Structure formats: structure tokens, C-alpha cells
Amino acid sequence: LLMEPFGADIDLAEAVLKDYNAHLVRKASSMKGHYADADALEKLIQQGDPLHYEVFEKAVPQETGHLQFGLSKLQPGTVGEEFFMTKGHYHEIPEAAEVYLCLRGKGYMLMKTTEGECRAEYMERGRVVYVPPYWAHRSVNVGDEPLITFYVYPGDAGHNYGDIEEEGFPKRIYKRGDKVEIL
Ligand code: 6PG
Ligand code: NI
């Protein structure tokens with residue numbers, strides 16, 4: 001029943017996980033309902049439905065005791081004036097925490113609780129963000145290059161997208177000229 005230990009390589013200069021065996025791709029069209037400006041998102045989808053973000057993993061069993069890790073790569077850009085972001089989720093096991101290490105780019109980890117508490121933690125290369133138990137989390141790219149983070153979370157955590165889709169995050173992050181506004 002023992003799993004074989006393994007190693008993996010991240011090209012830290014490029015922030016690329018080598019020899020990944022799981023790859024999630026989300027295009028603009030998978031972000032319906034998430035941005036304030038629905039018309040701007042529709043336009044983007046019509047203009048070719050560009051890549052929004054990807055997740056690269058070395059998959060491990062989705063079981064208690066395991067730790068899943070990988071790289072999340074979020075493209076730069078805006079929908080209307082709102083910066084590109086991930087869908088965001090609570091974990092299916094809500095007390096499952098997560099650690100993020102930013103490897104490249106600039107952004108925020110936007111977090112919220114079911115009680116409506118909301119926090120935005122800044123991310124840039126070298127910065128670690130701890131997402132405690134019970135906090136929904138979403139990455140937002142406020143820079144002009146991909147935002148790339150290394151993450152680790154319990155293998156059995158799972159993803160609950162439904163609740164946050166209904167609730168939404170209390171705050172949004174906008175590009176206003178050269179300024180970043182968290183409102
Ligand atoms: C996770 C991590 C992370 C996340 C990606 C994509 O629990 O799996 O938080 O890998 O899934 O950044 O974001 P969404 O899952 O919200 O689309
Ligand atoms: Ni997560």
C-alpha cells in the first residue's frame with residue numbers, strides 16, 4: 001500500500017513544472033457569472049475565447065494524508081476594468097487549508113468566509129500566502145505578465161465551486177489607469 005516517493009523539477013527562472021501529468025485549462029468562457037461586466041466577458045469570448053488560466057500538477061491520490069501540489073498560471077488582462085482572476089472555491093472539506101508561494105508576477109489572493117469576511121493578500125515572487133481553514137480563495141493577476149504560484153493542499157480537500165458562485169466575493173479588483181483598486 002506504500003506509494004513510491006518521487007521528485008519533480010520546477011524551472012524557477014521560467015516558473016514551469018516539468019513532466020506534469022495533470023493539466024487543467026480554463027478559457028474566458030468558463031468564467032461566466034464571475035465578472036462584474038458580463039458584456040465585456042461576452043465580447044472577449046466572441047473575440048476567440050482566449051486562455052484564462054492553467055493548472056499543472058503531479059497528481060497524487062485524492063485521499064487523506066496525501067498532499068497535492070502544482071503550479072497555477074493566470075494570464076494578465078482585464079474584463080472591462082476588472083483584472084483577470086480564477087473562479088475561486090471553498091474546499092469540499094472546508095477545513096482544508098492551502099499554502100501558496102508566488103514564483104512570478106504580481107497579484108492578490110482574495111479570500112472570504114461564509115460570514116462575509118474578506119481579505120486581499122498581496123503576492124509577488126517569493127511571497128507566501130496561507131489560506132486558513134474555511135476561507136474561499138481566488139487569485140487575481142494585477143500585473144502585465146502571467147501570475148504563477150506554487151500551491152500545496154490536502155489531497156482529499158476537493159473543490160466546492162457552487163457556494164462561492166452563488167455568494168460571489170465581496171470585493172473586486174480593478175485597473176483604473178495605472179492604479180489597482182480593491183473595492
Ligand atoms: C486548489 C488550488 C488551486 C486552484 C487553481 C485554479 O485547491 O486546487 O486552490 O490549484 O484550483 O488556482 O483555481 P480554481 O480551482 O478556483 O479554478
Ligand atoms: Ni484551493
Side-chain angles (χ1 to χ4, degrees), residues 8 10 15-17 20-35 41 45 49-77 79 82-114 118-125 127-143 145-173:
I10 295 170
V16 168
L17 175 63
Y20 57 86
N21 55 19
H23 185 203
L24 171 84
V25 177
R26 290 208 210 280
K27 296 181 170 195
S29 53
S30 49
M31 292 302 291
K32 285 183 183 177
H34 289 285
Y35 288 103
L41 180 65
I45 296 168
D49 196 11
L51 174 67
H52 223 67
Y53 59 98
E54 294 164 277
V55 178
F56 304 89
E57 286 184 349
K58 286 283 209 181
V60 303
Q62 294 172 21
E63 294 166 8
T64 315
H66 282 279
L67 292 172
Q68 182 61 62
F69 67 91
L71 256 63
S72 162
K73 180 179 186 181
L74 172 60
Q75 295 299 316
V79 173
E82 196 173 2
F83 285 110
F84 276 14
M85 60 195 187
T86 61
K87 289 161 85 80
H89 56 267
Y90 292 99
H91 290 143
E92 196 66 51
I93 294 177
E95 62 267 35
E98 186 160 349
V99 172
Y100 280 85
L101 167 62
C102 183
L103 300 178
R104 185 172 162 192
K106 299 199 184 319
Y108 285 88
M109 187 61 68
L110 204 54
M111 293 167 276
K112 94 162 277 255
T113 65
T114 49
C118 189
R119 303 284 184 274
E121 194 61 47
Y122 184 63
M123 295 193 288
E124 63 185 357
R125 183 174 173 79
R127 192 159 167 81
V128 174
V129 173
Y130 184 61
V131 180
Y134 303 108
W135 288 79
H137 42 287
R138 148 181 290 170
S139 310
V140 182
N141 185 346
V142 304
E145 62 170 333
L147 175 67
I148 304 180
T149 50
F150 172 83
Y151 62 81
V152 187
Y153 64 88
D156 59 352
H159 298 82
N160 168 1
Y161 293 105
D163 286 353
I164 197 69
E165 247 164 55
E166 272 176 37
E167 297 167 12
F169 283 80
K171 288 183 182 174
R172 296 179 176 279
I173 307 186

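Indexing begins at 1, ligand by ligand and atom by atom, following the structure's order. It should be emphasised that the depicted structure is a prediction, and the values quoted were computed from it without experimental measurement.
Our summary of the site lists the angle at the Ni ion (ligand 2) between NE2 of His91 and NE2 of His137 as 100°, to the nearest 10 degrees. When rounded to 10 degrees, the angle formed at the Ni ion (ligand 2) by NE2 (His89) and OE1 (Glu98) equals 170°.
Ring to ring, His159 and Tyr153 are close: their centroids are under 6.0 angstrom apart.
Taking each heavy atom of Tyr90 and Trp135 in turn, the nearest pair found is CD2-C, 4.2 Å.
The closest side-chain donor-acceptor pair between His89 and Arg138, if any, does not fall under 3.5 angstrom. A donor-acceptor contact closer than 3.5 angstrom is absent between the side chains of Tyr20 and Glu54.
Within 6.0 Å of the CD atom in Gln62, the count of heavy atoms belonging to other residues, nucleotides or ligands does not exceed 12.
Judged by the 6.0 Å and 45° rule, Arg26 forms a cation-pi pair with Tyr161.
In summary, of the residues considered (Met123, Arg119, Glu98, His137), a side chain to side chain contact (heavy atoms under 4.5 Å, CB included) with Val129 occurs for Met123 alone.
Within 4.0 Å of ligand 1, protein heavy atoms belong to Arg26, Tyr53, Val55, Ser72, Thr86, Lys87, Gly88, His89, His91, Glu98, Tyr100, His137, Tyr151, Tyr153, His159, Tyr161, listed by chain and number.
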